[in-house]
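In what follows, chains carry the letters A, B, and so on, assigned in the order in which the sequence lines appear, proteins first and then strands, with residues in each chain numbered from 1. Just so we're clear, the structure is a prediction, and the values are computed from it rather than from any experiment.
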Amino acid sequence: MRAGRRSTKSCNILTLNPQPLIPNSQMASDDLRATRIEKAQQLRDLGFNPYAYRWDVTHNAAELQDKYADLENGAEVGDEVAIAGRIMNRRVFGKLAFFTLQDETGTLQLYLDRQTIQDGMADTDAEAFDHLKTLTDAGDFFGVRGTLKRTDKGELSIKVNQYAILTKSLQPLPDKWHGLTDVEKRYRQRYVDLIVNPEVRNTFRRRAQITTSIRQFLTQRDFLEIETPVLQSEAGGADARPFVTYHNTLDMELYLRIATELHLKRLVVGGFEKVFEIGRIFRNEGISTRHNPEFTSIEVYWAYGDYHDMMALTEELIVAVAQSVCPSLALTYQGQPIDLTPPWRRVSMHEIVQDAIGVDFAQFQSLDEAKAAATAAGITNLDKCDAIGRVLNEAFEQKVEPTLIQPTFVTDYPVEISPLAKPHRSKPGLVERFELFIVGRETANGFSELTDPIDQRLRFEAQAARKAAGDLEAHEVDEDFLLALEYGLPPTVGMGMGIDRLAMLLTDSASIRDVIAFPLLKSGKDAAEAEPSP
RNA sequence: GGGUCGCUAGCUCAGCGGUAGAGCACUCGGCUUUUAACCGAUCGGCCCUGGGUUCGAAUCCCAGGCGACCCA
């Protein structure tokens with residue numbers, strides 16, 4: 001029935017609304033667009049396809065800038081080259097023109113003089129230079145062939161003898177000087193942002209390098225990347241509200257995963273001793289400069305290791321990634337110096353909280369004592385804390401976390417807030433867990449995995465009780481996961497890290513939206529305008 | 001969820017109670033060394049939406065939409 005309704009609607013769109021559904025506010029005024037459509041038609045009338053099939057390219061802009069770096073001002077060489085890209089700027093004279101061409105690697109100037117072009121294209125277009133002036137626009141994709149020349153003013157250029165408009169652009173580019181600065185438009189129309197803002201392209205190039213480096217690092221150490229389900233009948237592995245969706249033919253609700261943890265551990269049960277997954281996670285939560293409802297995590301599981309081993313691996317991994325995308329381990333994040341040079345500080349949660357507020361939570365026998373001491377130390381929002389460990393965690397989050405600017409591993413968390421971690425081998429009430437903080441933000445989270453299925457069941461049941469009590473971030477008992485544990489999970493350590501936050505740090509980005517190509521935004525009026533009116 | 005700020009031409013922005021403006025882009029004319037090319041002329045608007053106040057609202061008030069930042 002859902003599908004039926006949707007297809008009916010699609011039909012209406014097709015039959016009642018032949019015009020493309022482009023929101024008015026994002027489109028150029030009709031006459032700017034009409035002028036360019038007319039130019040495309042003129043190209044067709046002249047026998048040229050304004051939407052070409054291919055262009056033989058011999059070089060890109062960066063290669064040519066590099067290869068001819070020593071060419072002197074005013075000098076020319078006869079080497080024939082071909083290049084393609086988008087016209088970013090046109091400077092046109094009576095019988096000469098300069099275009100700035102941009103490809104993925106950079107920009108290169110085109111030197112277009114009337115005589116050379118008319119000679120070069122006499123067979124196909126006797127008025128090629130005049131057509132160049134009248135039928136090209138900034139924004140068009142353009143292919144050229146020609147020789148190299150450095151102008152008197154020192155700009156490396158291709159002296160063009162043949163050209164073709166490869167794709168006629170119908171939309172004007174943003175102001176060539178001020179560019180596109182409207183933040184909302186940059187996110188909604190990221191393609192335009194990418195066209196005109198080179199530093200945005202660079203950010204996404206570096207983000208890609210980050211995931212490539214992570215894969216290289218782990219693959220070299222014999223970790224295997226295995227994909228696990230996004231669609232799950234019960235979400236688990238983290239405290240978060242899931243997205244709910246629906247499978248038609250199975251007639252069942254499904255959840256989008258909030259973590260990859262429980263499936264990756266099943267793989268370790270199955271015999272894979274080193275596994276990881278880089279994948280999209282979905283959490284049905286608010287949006288902020290540090291939260292997007294879908295984001296990318298990496299989780300790593302390593303059999304026979306413990307959390308000390310994983311701290312060492314995490315430190316090595318982040319250092320290796322940083323070295324691959326940053327000039328130095330001494331970074332600047334939003335004006336703040338950050339030094340990733342190892343070894344990083346390691347300190348237990350009890351110790352660092354005691355240092356900060358002078359309260360030793362290990363001494364308390366009752367929840368009331370702990371709350372009273374915390375309140376005296378200025379900790380607020382303790383109403384929902386139903387265990388000493390949660391009070392400790394509140395104190396940590398309020399007083400310590402924001403101060404952890406340089407990379408710091410905080411270790412040995414309360415069991416109450418760590419339902420999947422193994423009890424500490426020597427400290428009762430704690431688990432063998434670490435979190436890595438950089439710039440006051442949780443960057444990674446790891447622990448010796450709980451392998452005792454009976455203990456795990458008790459922890460799950462405590463979570464289920466919280467869910468029954470109305471905690472929307474808590475989840476049901478995952479019986480199949482418990483069954484897997486009963487077959488036996490070897491001693492294992494796991495670690496999870498948010499790739500987006502790592503990318504923010506390493507690209508000096510203030511908002512998570514700056515490292516996500518298409519961040520989630522409300523659809524708003526633009527989407528409403530795009531709906532056909534019946 | 002609360003607060004602050006923003007939304008005016010394709011882009012970047014002025015205008016803040018009295019005929020909607022500028023620069024760039026576009027169109028036309030001129031120009032063979034420009035690189036924000038230049039010179040001249042033209043064109044271009046549901047001032048986010050809906051109410052209200054007023055003789056008169058882009059401007060003031062109320063509600064809403066979308067975004068940014070801060071706080072929880």
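Across all strands shown, Gly179(A) has heavy atoms under 4.0 Å from sugar-phosphate atoms exclusively, and none from any base. Among the heavy atoms of the strands, none lies under 4.0 Å from Leu173(A). At a threshold of 4.0 angstrom between heavy atoms, the contacts of Val92(A) include nucleobase atoms, whether or not backbone atoms are also involved. The residue Lys133(A) sits apart from the nucleic acid: no heavy atom pair falls under 4.0 Å. If you check every strand for non-hydrogen atoms under 4.0 Å, Asn381(A) touches nothing. Contact annotation for Tyr187(A): backbone-only contact, meaning every heavy-atom pair under 4.0 Å involves sugar-phosphate atoms and none involves a base. Counting non-hydrogen atoms under 4.0 angstrom, Arg150(A) reaches nothing in the nucleic acid. Nucleic acid contact for Thr181(A): sugar-phosphate only, since backbone atoms but no base atoms lie under 4.0 Å from a heavy atom of the residue.
Ranking C43(B), C24(B), U32(B) by closeness to the Asp175(A) side chain, first place goes to C24(B). Residue Phe98(A) places its side chain closer to U33(B) than to any other of U33(B), A37(B), C70(B). Residue Leu32(A) has its side chain nearest to C26(B) when only A37(B), U33(B), C26(B) are considered. Counting only heavy atoms from C-beta on, Thr289(A) has its side chain closest to C70(B) among C66(B), U27(B), C70(B). Side-chain atoms of Lys149(A) lie closest to U33(B) of the nucleotides C26(B), U33(B), A37(B). Taking every side-chain heavy atom of Lys39(A) into account, U27(B) is the closest of U33(B), G10(B), U27(B). Among the nucleotides A37(B), C66(B), C26(B), the one closest to the side chain of Glu184(A) is C66(B). For Tyr111(A), the side-chain atoms get nearest to U33(B) when compared with the rest of U12(B), U33(B), G10(B). Checking U12(B), A68(B), U32(B) against the side-chain heavy atoms of Asp113(A) singles out U32(B) as nearest.
Whole-Å rounding puts the Arg188(A) CZ to C48(B) P distance at 16 Å. Spacing between atom NZ of Lys522(A) and atom C1' of U49(B) amounts to 15 Å, rounded to whole angstrom units. The nearest whole Å value for the distance from the CZ atom in Arg114(A) to the P atom in U33(B) is 15 Å. One interatomic measurement links the two molecules: NZ of Lys95(A) to P of U32(B), which rounds to 5 Å at whole-angstrom precision. We find that CG of Leu110(A) is positioned 14 Å from P of A37(B), with the value rounded to whole Å.
Val353(A) is listed as a side-chain neighbour of Leu392(A), based on a closest heavy-atom distance under 4.5 Å. Counting only heavy atoms from C-beta outward, the side chains of Thr203(A) and Asp514(A) never approach each other to under 4.5 Å.
Nucleotides C26(B) and U12(B) are separated by 16 Å at their C1' atoms, to the nearest Å.
Pairing of U59(B), defined by two Watson-Crick or G-U wobble distances under 3.5 Å, is not identified with any nucleotide. Both distances falling under 3.5 Å, in either a Watson-Crick or a G-U wobble arrangement, place G21(B) opposite C13(B). The partner of C69(B) is G3(B), judged by Watson-Crick or G-U wobble contacts that both fall below 3.5 Å.
Exactly one of Thr507(A), Val325(A), Ile516(A) qualifies for a side-chain contact (heavy atoms from CB on, under 4.5 Å) with Arg207(A). That residue is Ile516(A).
Residues passing the salt bridge (charged side-chain N to carboxylate O under 4.0 Å, His left out) test with Asp471(A) are Arg466(A), sequence neighbours excluded. Not counting sequence neighbours, the partners of Phe437(A) by the ring pair (Phe, Tyr, Trp, His ring centres under 6.0 Å) test are Phe396(A).
The phosphate of C11(B) has neither OP1 nor OP2 within less than 4.0 Å of any side-chain N or O from Lys176(A). The phosphate of C26(B) (OP1 or OP2) has no side-chain N or O of Arg33(A) nearer than 4.0 angstrom. Listed pair Arg186(A) / U12(B) fails the phosphate criterion, with no side-chain N or O lying under 4.0 Å from OP1 or OP2.
When ring centroids are compared, Phe243(A) and Tyr255(A) stay outside the 6.0 Å threshold.
A salt bridge links Arg280(A) to Glu294(A): at least one charged side-chain nitrogen sits closer than 4.0 Å to a carboxylate oxygen.
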